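Because the structure is predicted, anything quoted here is derived from the model rather than measured.
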Amino acid sequence: MVFQWFHSTAYMMDDEVGSLVEKLKPQFVTKWLKTVCDVRFDVMVMCLLPKPMEFARVGGYWDKSCSTVTQLKEGLNRILCLIPYNVINQPVWECIMPEWLEAIRTEVPDNQLKEFREVLR
C-alpha cells in the first residue's frame, strides 16, 4: 500500500499540502522502505512484481476490475514513481524488470504496446 501511496501522491498539486507530503517522503518513508529492503529483500521484490502474491495486491488497480494491460501500465507507473526517491535500487531493479518485460511481452497485445510509451516517457 505504501507503493500505491507514492504513486497517488506523485500527481498532487504543488500547494502547501503537496509540499508537506513531498517532504515526508524522503524524511521518513523512503528511509523505512530502504530498511524493509535491507531486512526483507524478498518481500520488497514480491510486492513490486507484475503479478505479486495475494497479500501484496492492495489499493489502486487491485481494488477495481480492470484489464491486465491496465494493471501492467499502472504497476509499471507505480515503480517509476519510486525511482526518484531511490527506493528501487539496482538489485531490486535486476530482480523485477525481467518479470515486467516478460509480462508485457506475453500479456499485452501488439496493438496495445503503444500505450506503454506514455508510461515510459
Side-chain angles (χ1 to χ4, degrees):
M1 194 64 192
V2 175
F3 300 137
Q4 183 60 39
W5 178 76
F6 265 86
H7 180 250
S8 298
T9 58
Y11 303 104
M12 288 183 73
M13 292 178 40
D14 193 19
D15 58 5
E16 187 176 336
V17 173
S19 294
L20 181 61
V21 169
E22 283 304 312
K23 288 178 186 174
L24 288 174
K25 288 178 183 179
Q27 286 180 351
F28 301 104
V29 184
T30 55
K31 289 177 185 176
W32 180 79
L33 284 172
K34 288 177 184 180
T35 301
V36 169
C37 188
D38 291 340
V39 175
R40 291 301 309 264
F41 180 81
D42 58 328
V43 173
M44 179 86 155
V45 168
M46 278 190 281
C47 290
L48 293 169
L49 292 174
K51 293 187 178 187
M53 297 187 74
E54 200 64 37
F55 73 84
R57 296 179 184 199
V58 179
Y61 53 89
W62 295 115
D63 287 345
K64 57 186 174 185
S65 178
C66 58
S67 70
T68 302
V69 173
T70 299
Q71 288 175 352
L72 290 172
K73 279 191 331 189
E74 291 292 318
L76 190 57
N77 196 18
R78 183 179 68 184
I79 288 171
L80 295 175
C81 288
L82 296 169
I83 290 173
Y85 302 97
N86 294 318
V87 172
I88 307 291
N89 60 27
Q90 189 70 32
V92 171
W93 182 263
E94 289 174 0
C95 285
I96 64 173
M97 286 321 293
E99 299 284 335
W100 277 96
L101 295 173
E102 181 65 15
I104 291 168
R105 186 186 72 76
T106 59
E107 301 199 29
V108 178
D110 289 343
N111 64 339
Q112 290 184 299
L113 282 173
K114 63 181 178 279
E115 295 179 35
F116 285 83
R117 287 187 192 142
E118 295 286 323
V119 174
L120 297 172
R121 284 190 179 165

Does Ile83 belong to the same Ile/Leu/Val/Met/Phe/Trp/Tyr cluster as Trp100, with side-chain heavy atoms less than 4.5 Å apart forming each link?
-> yes
Are Ile79 and Leu101 joined in one hydrophobic group, where the rule is that I, L, V, M, F, W and Y side chains link up if heavy atoms are under 4.5 Å apart?
-> no
Pair listing, salt bridge (Lys or Arg N to Asp or Glu O under 4.0 Å) test, anchored in residues 28-38, at least two apart =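 Salt bridge (Lys or Arg N to Asp or Glu O under 4.0 Å) check on residues 28-38 returns no pairs.
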Give me the one residue out of Leu49, Val43, Val45 that meets side-chain contact (heavy atoms from CB on, under 4.5 Å) with Cys47.
-> Val43
For [X], check salt bridge (charged side-chain N to carboxylate O under 4.0 Å, His left out) against everything at least two apart and list the hits.
{"X": "Asp42", "value": "Arg40"}
{"X": "Glu107", "value": "Lys51"}
{"X": "Arg117", "value": "none"}

Would you give the length of the straight line joining atom [atom1] of [X] to atom [atom2] of [Y], rounded to the nearest 0.5 angstrom?
{"X": "Met46", "Y": "Glu99", "atom1": "CE", "atom2": "CD", "result": "12.5 Å"}
{"X": "Thr68", "Y": "Ile104", "atom1": "OG1", "atom2": "CD1", "result": "12.5 Å"}
{"X": "Ile96", "Y": "Met44", "atom1": "CD1", "atom2": "CE", "result": "8.5 Å"}

Among all residues two or more places apart in sequence or in another chain, which pass the side chain to side chain contact (heavy atoms under 4.5 Å, CB included) test with Val69?
->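 Side chain to side chain contact (heavy atoms under 4.5 Å, CB included) check on Val69 returns Ser67, Val108, Pro109, Gln112, Glu115, Phe116.
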Side chain proximity check, Leu72 to Leu76, heavy atoms < 4.5 angstrom |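 With C-beta onward as the side chain, the pair stays apart.
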For residues 86-93, which side-chain N or O atoms pair as donor and acceptor with protein atoms under 3.5 Å away, sequence neighbours left out?
residue	atom	partner	partner atom	Å
Asn89	OD1	Val92	N	2.9
Gln90	NE2	Glu94	OE2	3.0

